[in-house]
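Single-structure report; data block below.
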4 protein chains.
Amino acid sequence: MTHKSKRHADPALVEARRTQVLDAAADCFRRKGYHGAGMAEIARTAGMSAGHIYNYFESKEAIIESIIEQDMQEMFSIFQEFEEQPGDILTILLGSLHKGVQRHMDTGACVIDLDMMAEAARNNKVATLLHEADTQARDRMRQLLISDRSLLKSHSEQELDSRINVIFSMMAGLFLRKMLYPELTEETVLIALRPAMKTLLMPFEVHDEVL
Amino acid sequence: MTHKSKRHADPALVEARRTQVLDAAADCFRRKGYHGAGMAEIARTAGMSAGHIYNYFESKEAIIESIIEQDMQEMFSIFQEFEEQPGDILTILLGSLHKGVQRHMDTGACVIDLDMMAEAARNNKVATLLHEADTQARDRMRQLLISDRSLLKSHSEQELDSRINVIFSMMAGLFLRKMLYPELTEETVLIALRPAMKTLLMPFEVHDEVL
Amino acid sequence: MTHKSKRHADPALVEARRTQVLDAAADCFRRKGYHGAGMAEIARTAGMSAGHIYNYFESKEAIIESIIEQDMQEMFSIFQEFEEQPGDILTILLGSLHKGVQRHMDTGACVIDLDMMAEAARNNKVATLLHEADTQARDRMRQLLISDRSLLKSHSEQELDSRINVIFSMMAGLFLRKMLYPELTEETVLIALRPAMKTLLMPFEVHDEVL
Amino acid sequence: MTHKSKRHADPALVEARRTQVLDAAADCFRRKGYHGAGMAEIARTAGMSAGHIYNYFESKEAIIESIIEQDMQEMFSIFQEFEEQPGDILTILLGSLHKGVQRHMDTGACVIDLDMMAEAARNNKVATLLHEADTQARDRMRQLLISDRSLLKSHSEQELDSRINVIFSMMAGLFLRKMLYPELTEETVLIALRPAMKTLLMPFEVHDEVL
DNA sequence: GATGAATGAGCATTCATTCAT
DNA sequence: CATGAATGAATGCTCATTCAT
């Protein structure tokens, strides 16, 4: 997955250059999209020649794959925070909700996600990476929900899976909303999102089952 | 928007050919993506020459625009159904929830939506069409929620807007879930989705505000 | 040269249709140029289908060739006028000069001429037709200049050839002037053109030879 | 107008490549015309790939624009010569007449001019460039004709304008003559051209006005 | 390590021409 | 006689990738 082909003398320099390219690429993808951004522009942004990039990445595809790996790291650290925070899960997650909304309504970041998903539909490597990241994310979430600090600790696996997926769906869907309806604000979203999230983090009331 | 350019003798043939192209294009876009599918391939799939397509569509862009319009029509007819169904809104929407889930977890259809969104980020015409479609969808939804048959008829505009967007977010997000986690079933999703949807269609409880 | 291929029942209708096409084509070429005008547009202007044109002309090229033949006829009739007018040649030609200027500064007509010349550079058939037309034009002009009513009747062949070519050059060049300098008026041109033409139609003064 | 787009390390190489392309393009345009010559052929003639041309020229249009600019430079240097030569204008211009004839009867060069004119009829940028070049040429000519060394220094603007345009018409028209009548020699042309030019560079005789 | 000159396959689109009806 | 649906080769141009220096 990581720098397979070329032989490099100085691993530190290699990592620095890779970061340089990754940052530049993320910036370009944000502004122009994955297909809209050319290698020439990425190279210019990274402050190196187009050809040189190929000493650190096998292809343009390999760049977006690396970015996905980076994003996975970020996601892990978010779950890390949740896990380290004291208090019950419901309070923690609702307390962090506004930050989650913020992250999922940041159009800059979202455009890349959109491109990554679209790419995943056709590109197996990307699909696999995203799938892996998602599997881990669901797992971390599951750990959270079955911990002693959660109100859902003794629920069935399937119900947990459902809750997790609906939560993720609701959050990830926000960037679609923001794209189609840019006037939508985080504050507005939170009005209904908080109760919905609360529902998803608490045992369902009995008469729910009736419906 | 609708076939302005060429003069055609037989309107039935025109419609047949347009459908032929639209179907072929949808198929190709599904498999290769909007940018990945070439006109040559679309033509081959449609069983006609590449040049001939231009007798029915001004450009490749016009094809995806037509597909968007088709989708809009479908969406309208869904809202039409809701409006025509007797009973209270909550019951109607919860009753149709499984159909909505089914539709939003159909990866075939959704992959095109993904491409359209990605295209919208770069292509103004597409963005405008999607924005229009969404505006109308939100409006229809709002009409539903403020009707006499709804429990939310006297809520504030902002709260309604929030509910609508969270509902749409949750539903639209499902196809992202299905893409990242193909094993996810509609039944599983419904377990948590129904209570969440119920929350979003009913007045919030007072102590929600405390959180 | 004229309608070789297809068998037609009614020769009168054929000629009517050919004229229809020729007129339409001339109009389109004037507005859009030879390459700019498409067969579809010519067909529309002629009030018939594109395919039908091919029953009367082998190709687009054949159309411009026919137009050239038409123009040749016009040119002949102009010389006919000169030949039939009473009086000396100098007076006749100077008297008609304003009409010649008018014709050669008509941008509509000139654009076609330009295209025909450009086409001639690459297309042998067109080149041959234009060459033939020109040969005949020079010949008619020569007949005029050696007639009893001319001041140049006993000049050498080479000098006559020179005069004719310079006269034609000066007149034909006017449309290049009009294209590059559209504000140029016929009146302005005539101020210097008349004396120059007079020089070209009268014996040169002796001391001219000195220069 | 002058290579704005790409960053290049070696300006000498850039100039060499540009020249290479310009020469190849001129050659192709001569043989096939501006529209007839494809980028592929130009590239092959220039000994480089089609894509590479775009590192030196923004478009095919930019190539012909560069050729026009080149021609403009040549024209300027011709007027420069006239301005720097000692003696009266009449003598200078008549003395250079044979060179002018030579240049305007060089079919190779002129065929491109023809294409440029034809292109100008449809392409605004080309039209503007040619118009500018012509405006400057007329201006330089006018300066020549109103200098102390000219016999026309005190003539009216309109008459000067007329003389200049007729002179240009006569000269530019020569290449049309050469195209239609390739046997025409420079010597033959000069026989009548010289007296006509002389007329155009000297005050008209009084009885001219009578005609 | 680093450059950027060079490649060439690929793209959407146009249009003269053909031919079944 | 007449149509217009259909073709397909050709066009200008882009861009990820390679490689001599």
Side-chain angles (χ1 to χ4, degrees), chain A residues 6-10 13-14 17 35-44 47-63, chain B residues 6-10 13-14 16-17 35-43 47-63, chain C residues 6-10 13-14 17 35-44 47-63, chain D residues 6-10 13-14 16-17 35-43 47-63:
Chain A
K6 308 273 174 176
R7 296 283 151 252
H8 293 287
D10 181 353
L13 180 54
V14 169
R17 289 280 175 272
H35 285 108
M39 290 300 279
E41 185 182 3
I42 294 171
R44 199 178 333 111
M48 70 179 70
S49 73
H52 199 34
I53 292 184
Y54 286 83
N55 287 324
Y56 302 106
F57 294 92
E58 285 219 312
S59 64
K60 194 183 178 187
E61 228 177 81
I63 295 177
Chain B
K6 307 272 171 173
R7 292 288 148 245
H8 292 285
D10 181 354
L13 179 58
V14 169
R17 290 283 174 271
H35 283 108
M39 291 300 282
E41 186 183 1
I42 295 172
M48 69 180 72
S49 72
H52 198 33
I53 292 183
Y54 288 85
N55 286 327
Y56 303 103
F57 294 93
E58 283 213 319
S59 63
K60 193 185 179 184
E61 211 183 298
I63 295 176
Chain C
K6 309 272 172 175
R7 294 285 150 252
H8 293 286
D10 181 352
L13 179 55
V14 169
R17 289 281 176 272
H35 286 107
M39 290 299 280
E41 186 181 1
I42 294 172
R44 198 175 337 110
M48 72 179 69
S49 73
H52 199 33
I53 292 184
Y54 286 83
N55 287 324
Y56 303 105
F57 294 92
E58 284 220 311
S59 64
K60 193 182 179 188
E61 229 177 83
I63 295 177
Chain D
K6 307 272 172 177
R7 291 291 147 243
H8 291 285
D10 182 354
L13 179 58
V14 169
R17 289 282 173 275
H35 283 109
M39 290 302 282
E41 186 181 2
I42 294 172
M48 70 179 72
S49 72
H52 197 32
I53 292 183
Y54 289 84
N55 287 326
Y56 302 104
F57 294 92
E58 285 213 317
S59 63
K60 192 184 180 186
E61 211 183 297
I63 294 176

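The sequence lines fix the lettering, A, B, ..., with proteins before strands; numbering per chain opens at 1. Note that the coordinates shown come from a computational prediction; the quantities given were computed from them, not determined experimentally. Worth knowing before you read on, the calculation uses all heavy atoms, side chains too, and leaves out hydrogens, waters and symmetry mates.
A straight line from OH of Y56(B) to P of dG4(F) spans 12 Å, rounded to a whole angstrom. Computed from coordinates, the I53(A) CD1 to dG4(E) C1' distance equals 12 Å when rounded to whole Å. The CG atom of N55(B) sits 14 Å away from the P atom of dG8(F) (whole-angstrom rounding).
Interatomic distance, CE of M39(B) versus CD1 of I53(B), reported as 4.0 Å (0.5 Å rounding). The CD1 atom of I63(A) lies 8.5 Å from the NZ atom of K60(A); values are rounded to the nearest 0.5 Å. If you take CZ on R17(D) and CG on D10(D), they are separated by 9.5 Å, rounding to the nearest 0.5 Å.
Between S49(A) and the phosphate of dG4(E), there is no side-chain N or O to OP1/OP2 separation shorter than 4.0 Å. The phosphate of dG4(F) has neither OP1 nor OP2 within less than 4.0 Å of any side-chain N or O from H8(B).
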Would you write the dot-bracket representation of DNA chain E, where each base gets (, ), [, ], | or . depending on whether it forms a Watson-Crick or G-U pair under 3.5 Å and with which partner? .||||||||||||||||||||
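A 4.5 Å side-chain heavy-atom check between H52(C) and N55(C) finds at least one atom pair inside the cut-off.
For L13(C), counting side-chain heavy atoms from C-beta on, the closest listed nucleotide (dT3(F), dC1(F), dA2(E)) is dC1(F).
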Would you mind building the protein contact string for nucleotides 12-19 of chain E? One character per nucleotide, 5' to 3', B for base within reach (heavy atoms under 4.0 Å), S for sugar-phosphate only, - for untouched. SBBBSBBB
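Closest approach of A43(A) and S49(A) over heavy atoms only: CB-C, 3.7 Å. The two atoms that bring A62(B) and E58(B) nearest to each other are CB-N, 4.0 Å, heavy atoms only.
Relative orientation of the Y56(B) and H8(B) rings is parallel, given thresholds of 30° and 60° on the angle between their planes.
For D10(B) and R17(C), each mapped to the nucleotide of DNA chain F holding its nearest heavy atom, the one lying further toward the 5' end belongs to R17(C).
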